[in-house]
Amino acid sequence: MARPILPFSRRKALHNAILQRNGIRGRVRFQPIPERILEPEPEQAPEIVAPSGGMPVRSGAVAADSSRSLLVTLQRAPFAVRVLNNLTACATATSIAEFNALGANDTARLTAFVDQQMNPTAIDDSALDARLSVANGFTTLNKTLAQLWADHVLVTTDSGAPARETQRAALMRTAHSKRQLQEQLVDFWQNHFNVAINSGTASSVYVHYNRDVIRANVFGNFRAMLEAVGQSTAMMYYLNNRSNSRSGPNENYARELLELHAMGAENYLGFVNPTQVPPAPEDPNYPIGYTDLDVYDTAAAFTGWTVKNGGNGFPTENDGTFAYRQAMHDAGPKQVLGMYIFPEQAAMKDGRDIYDRLATHPRVAKFICKKLIRRFIADNPDQALIDSAAAVFRANWQHPNQIRLTLRHILLSDAFKNAWGQKYRRPFELMAAALRAGGSGWTIKGISETRSNDFMSRLSATGHAPYDWAAPNGYPDVSVVWSASNNMVTTWRMLTWLTETKDTDTATTPLLPILALSRTGVSSWTANNLVDFWCQKLLGYLPIAARRQVLVSFLAQNGDPATYVITDTDSSATTDLKRHYNQQRLRSMVAMILMSPEFMSR
């Protein structure tokens, strides 16, 4: 085996140290290597089969635990729409025009747009900053970690303000930022390194976690991000590593570091003898997966990594920042992922050696790239693209822009250029897209305020309020999870609510300015004209004729869709439905577009 092999005497000493550290007595009974690791099967997309009735349905492993559903095939949208729907909250008339002006052909335009968005500091986002001002109740977003700790941890008045403002700012940033790709990646990495937003002390410093740990690293280096997350106050509290010591080990962070942050659960082997783990076929210098003993020794390596919170014998150090306490550290020998860690190393070197080992592991590269491809292209990523992206990821593991280089490879691939209709917009993404495409001028408030609270309450009911997934694995990113009837109904209800609701500040300003935009954008209010205007505005193109006709028929009622001009009124006319609550019917038609497969997919 090409992995480092220790002399027998050192292996025996290490073995005894592991047993003693973990309180294991007597003969150790290891499990066999799981067969799925020895002979992995490629992940397959669900097959599409046509039953006797002729309508296609999904089948296969992904669909096995879900109800049978009809397959909806979307017509191919223009290239600009496909790109913008996958890399931004949604395509708008303005963003489509800007994208099409970037080059002479699709490849040139895509390349220019990706490179532009991957340099967010060069993009003026002052308009968004104005929205997120103190005037709108956002008072914690610029506080340092020390200020957050002093104002919201040591003083418990409104301790949830940083979490509340971070969550609500995410909506405004996703909907209105010009740095759209950055916002998509903030959401991706925030879920990858999930810290549930309502998690006690972590909530009070959530601004720091979102801004200085996640946002600061989305295009940077994965190894650097691993350590930034590991040292962050929010993660220290969420996964309890602040209390991890040699006298009271806590493996929560260590297990999630291996399972969720780096290796992936598919590479977990269980309680297996580490010396029997086969080498990874991609690089025999690394084991094919990780074992429980790797978790135990990883936990030991991170003992002493804690927070200055007035405890651990340091009552005067209480500002919430990271601290390393040598007295809490287990300095004994360790072995993690086939790597021997010598005893009595320099401060923090045990943990940093593990970060290095993970950052260079071939299975980590594939796990991260697979998740990125799943986020931007399809629920079932193409293995060839996973492999080529992982090669870029590993080759640049020390490059300061490693993630940018890897993502650029993915986004300029043929798989991305041809991606369409393979992803489902989750509820939060749908609401942000509706606000963006619908031309909303409404700003959610950072403070507790009626309409803002109402919006967040309804979003929570959909199951997808930002950063509010309780488990450390983050929100699921596959369509089947979000296509259950309860998710769909609560999401549809909220989309309809958006079209009918006014801001409480004025009691006259709608969240979506449907009537105002119709008045300025459509000179003659025929059903055909109104439907085409709103399809182009919300979708960027016209849907298939059958779907368009449903919208036209609903809006026209008993009027001629091509010639009858709908009046800008909202009175009852039960005997002549083409005059019946015209403004409400127009808003309902817009809601129908928002609930259509064309808008809900990307």
### Query
So among Gln422, Gln184, Arg602, which one has a side-chain hydrogen bond (donor to acceptor under 3.5 Å, both in side chains) with Asn86?
Arg602

### Message
Name the residue from Asp294, Asp292, Thr291 that meets the side-chain contact (heavy atoms from CB on, under 4.5 Å) definition with Leu258.
### Response
Asp294

### Summary
Output for pair (Ser601 OG, Leu430 CG), nearest 0.5 Å, gives 9.0 Å

### Query
With Ser388, which residues qualify under side-chain hydrogen bond (donor to acceptor under 3.5 Å, both in side chains), at least two apart?
His409

## Note on the structure
For Asn221, the side-chain contact (heavy atoms from CB on, under 4.5 Å) test, sequence neighbours excluded, returns Arg223, Ala224, Gln402

### Residues in side-chain contact (heavy atoms from CB on, under 4.5 Å) contact with Asp115, at least two apart in sequence or another chain
Thr111, Arg408

### Message
The criterion is salt bridge (charged side-chain N to carboxylate O under 4.0 Å, His left out); which residues satisfy it with Asp319, sequence neighbours excluded?
### Response
none

## Note on the structure
side-chain contact (heavy atoms from CB on, under 4.5 Å) with Trp469: of Val195, Ile197, Asn194, only one passes, and it is Asn194

### Non-neighbouring partners of Arg215 that pass salt bridge (charged side-chain N to carboxylate O under 4.0 Å, His left out), sequence neighbours left out
Glu183

### Task
Tell me, please, which residues at least two apart from Trp305 pass side-chain hydrogen bond (donor to acceptor under 3.5 Å, both in side chains).
none

### Task
Scan for ring pair (Phe, Tyr, Trp, His ring centres under 6.0 Å) pairs involving residues 414-435, sequence neighbours excluded, and state none if there are none.
none

## Note on the structure
Hits for ring pair (Phe, Tyr, Trp, His ring centres under 6.0 Å) against Phe455, two or more places apart or cross-chain, chain-then-number order -> Trp442

### Query
Ser199: what forms a side-chain hydrogen bond (donor to acceptor under 3.5 Å, both in side chains) with it, not counting sequence neighbours?
none

### Task
Not counting sequence neighbours, which residues clear ring pair (Phe, Tyr, Trp, His ring centres under 6.0 Å) with His176? List them please.
none

### Query
With sequence neighbours left out, what residues match Lys349 under salt bridge (charged side-chain N to carboxylate O under 4.0 Å, His left out)?
Asp353

### Query
With sequence neighbours excluded, what pairs up with Asp382 under the salt bridge (charged side-chain N to carboxylate O under 4.0 Å, His left out) test?
none

